[in-house]
There are 4 protein chains.
Amino acid sequence: MARAARVSIGTVYHYFRSKEAILERILGEEMARRRGFLEDLRRHGASLEAQIRAIAEDHFALIRERKHLARLLLREWLDPTPGLRVNLQKIHDEIAECLAQIIRDGIAVGQIQSRDPVLVAHAMLGAMEAVSLRVLAAGKGALCPVDKAAEELSTFLWTGLCQPSS
Amino acid sequence: MARAARVSIGTVYHYFRSKEAILERILGEEMARRRGFLEDLRRHGASLEAQIRAIAEDHFALIRERKHLARLLLREWLDPTPGLRVNLQKIHDEIAECLAQIIRDGIAVGQIQSRDPVLVAHAMLGAMEAVSLRVLAAGKGALCPVDKAAEELSTFLWTGLCQPSS
Amino acid sequence: MARAARVSIGTVYHYFRSKEAILERILGEEMARRRGFLEDLRRHGASLEAQIRAIAEDHFALIRERKHLARLLLREWLDPTPGLRVNLQKIHDEIAECLAQIIRDGIAVGQIQSRDPVLVAHAMLGAMEAVSLRVLAAGKGALCPVDKAAEELSTFLWTGLCQPSS
Amino acid sequence: MARAARVSIGTVYHYFRSKEAILERILGEEMARRRGFLEDLRRHGASLEAQIRAIAEDHFALIRERKHLARLLLREWLDPTPGLRVNLQKIHDEIAECLAQIIRDGIAVGQIQSRDPVLVAHAMLGAMEAVSLRVLAAGKGALCPVDKAAEELSTFLWTGLCQPSS
DNA sequence: TATGAATGAGTATTCATTCAT
DNA sequence: TATGAATGAATACTCATTCAT
């Protein structure tokens, strides 16, 4: 991992206690940023559809601009150390709760139909992550370029939320 | 990996050239099975909604019953060798095409609104994979158990397909 | 450590779970041997003095003939992993108890004066180990060659046991 | 090691050329102190037994009060750099010679029986070091606390010196 | 055909040492 | 003189792969 950062081994361990500590930090910062983003979004009072689209766009921006980071996080997410797993869970739940708030707003004004905002939030996050995973893994020959994927997914998510099937 | 399959190391290398070859085989078989499943589904002429739900259910059955395999594949999916990457891409495209056929059927009868069935198919597969990833990674403390995730995702996918945003 | 044994890294880990496991094994075998030696000695009924001398001689034989092993054990003894520490303690206590039995025999026939055989046994073992440490560390230019050290220490130990100071 | 001394790394290397130099200095000072202690002891003309007991007590005081230092020195003693080994040897020989002088005094007045005072001195030092090693390594669950070890060893050493085996 | 002992490149981590400020 | 960020050799351990039986 030191090589990946173009830093000498010792330098890494001068700043971090362990690999786990590094990941915790990176992860913590990204998730704090994302949380702030979600809270701002809600506060600014854009239309619900715009909010949903912004969230998807933000998610894909991470992949577009910081591919290595995204890859790293996904890999650790699959095989976390025990300490890290707890952290990941907690962070994810916080993000989901922020998204759930937005969904509750939508329910309150009758735009969204759902009985379980938290679960729907998790499903949406999951869907975004999944599509990201696809895009990350696809490499050069990807069917859908990142931007198109974001656009398509936004529509998909928004529609899924708005109108319950009969 | 040999231990996981309860076979001796030597035996594995007697039948397979390398780890990559093993993954290729496993993956190929699973994807062939899934493709068959999708084609059967379409041929049997169930309602579109039932088809979508069956697809999601089938996806989650894989996770529920062969968790180790699913984890392994996901990990390799993140960091494939060049040869494997091409294969994964090809397989995925085939599956997506099958799903796209079902979506086209829906468009033909006016139940589904979409301009790009292939892209939507990829988004759906991506969403399913992402949610699976969530469930796989979550371990014990998972918010949504596998079954609930499948049910929720089905509804979500179906709704997303059916009703165009205003 | 693999290099020290002239074996490839992988081979070592094929046979042992960890460094700790290796040390546990080596240590266990040596201590079992020593324990057997002490029990045989007592059973054979040689004079007490002969027994004490034999013990010292046996101790130095280890150093003379298996210097690397002795060094390794001493190093780990100074900085054991938690699991190993417990083991070392237990093994040492067993050896000390065997020696204490011999000392109790001496007390019974009036040849040895002591109120606390176990503590004396530990002191004797400690003295032997300490002198070994000296010899091990001394390298080439050692003042006392191994054999002379053994002889001198035997006399010292035996005298120390026999006659209480006024 | 710098952390242990509550000094900055740079400062340490400002005053010392290397780790070896630090150890040489610490060791040199401790040994000079001990040598002074032994010479004083002899000059003060206490009884021989009192001298022996004082030596053992002094040795254990080092361990009791500067455990970290003692541990460090022992570790280096097992694996010294070539330069350090020579130094250690020299220092030890000097200390042993001081102790040998005391033993010679005892021989002169008929209280001690020995043909080789230098070798006996080395054996005594060795025994003290060995028992220290025990105490250092034992950690919490030690059989003999430091004070008891010192007392017991004193008696042992003194008796060993005084009375020749039959 | 089947086995598992042997291998060594790769990874996380420690620690003595250097050097620009 | 004093600092601590940067370095890299060394160590414990993992894992895909080879090969003699």
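Here is how names work: the chains are called A, B, and so on, in the same order as the sequence lines, proteins then strands, and each is numbered from 1. No hydrogens, no waters, no symmetry mates; every other heavy atom, side chains included, goes into these values. The shown structure was predicted, so the numbers you read here are calculated from the model rather than taken from an experiment.
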Would you give the length of the straight line joining atom [atom1] of [X] to atom [atom2] of [Y], rounded to the nearest 0.5 angstrom?
{"X": "D:F60", "Y": "D:E65", "atom1": "CZ", "atom2": "CD", "value": "13.0 Å"}
{"X": "C:I9", "Y": "C:H14", "atom1": "CD1", "atom2": "NE2", "value": "15.5 Å"}
{"X": "B:I22", "Y": "B:Y13", "atom1": "CD1", "atom2": "OH", "value": "6.0 Å"}
{"X": "C:H92", "Y": "C:L88", "atom1": "NE2", "atom2": "CG", "value": "8.0 Å"}
{"X": "D:L23", "Y": "D:F16", "atom1": "CG", "atom2": "CZ", "value": "9.5 Å"}

[X] has an atom [atom1]; how far is it from atom [atom2] of [N], in whole Å?
{"X": "C:K19", "N": "E:dT13", "atom1": "NZ", "atom2": "P", "answer": "17 Å"}
{"X": "A:L23", "N": "E:dT11", "atom1": "CG", "atom2": "P", "answer": "15 Å"}
{"X": "D:I9", "N": "E:dT18", "atom1": "CD1", "atom2": "C1'", "answer": "11 Å"}

5'-most by nearest nucleotide on DNA chain E - A:R17 or D:E20: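 Taking each residue's closest nucleotide, the earlier one in sequence belongs to A:R17.
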Which residue lies more 5' along DNA chain E, comparing C:Y15 with D:S18 via nearest heavy atoms: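 So the residue in question is C:Y15.
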Partners passing side chain to side chain contact (heavy atoms under 4.5 Å, CB included) against A:E20 (at least two apart in sequence or in another chain):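 For A:E20, the residues satisfying side chain to side chain contact (heavy atoms under 4.5 Å, CB included) (neighbours in sequence not counted) are A:S18, A:E24, A:T81, A:L84.
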Sub-3.5 Å pairs of nitrogen or oxygen atoms, protein against nucleotides 19-21 of chain E:
none

CA sep, side-chain torsions, deciding dist, call: D:D93, D:Q89, side-chain contact (heavy atoms from CB on, under 4.5 Å): CA-CA 6 Å; D:D93 289 352; D:Q89 201 70 45; 4.2 Å; yes
Short side-chain N/O contact from A:H14 to OP1 or OP2 of F:dA6, under 4.0 Å: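 A:H14 to F:dA6 OP1/OP2: no side-chain N or O under 4.0 Å.
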Distance below 4.0 Å between C:T11 side-chain N/O and E:dA5 OP1 or OP2: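 The answer is no; no side-chain N or O of C:T11 sits under 4.0 Å from OP1 or OP2.
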List the atom pairs, with distances to 0.1 Å, where a side-chain N or O of residues 26-34 of chain A and a protein N or O form a donor-acceptor pair under 3.5 Å, not counting sequence neighbours.
residue	atom	partner	partner atom	Å
A:E30	OE1	A:R33	NE	3.3
A:E30	OE1	A:R66	NH1	3.1
A:E30	OE2	A:R33	NH2	3.0
A:R33	NH1	A:D58	OD1	3.4
A:R33	NH2	A:D58	OD2	3.4
A:R34	NH1	A:H59	ND1	3.3

Touch class at under 4.0 angstrom, heavy-atom based, for B:F16 against every strand present: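 Nothing, no heavy atom under 4.0 Å.
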5'-to-3' dot-bracket of DNA chain F (Watson-Crick, G-U; under 3.5 angstrom; crossing pairs as [ ]; | other strand): .||||||||||||||||||||
For A:R35, side-chain hydrogen bond (donor to acceptor under 3.5 Å, both in side chains) partners two or more places apart: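 Result, side-chain hydrogen bond (donor to acceptor under 3.5 Å, both in side chains) vs A:R35: A:E39, A:E94.
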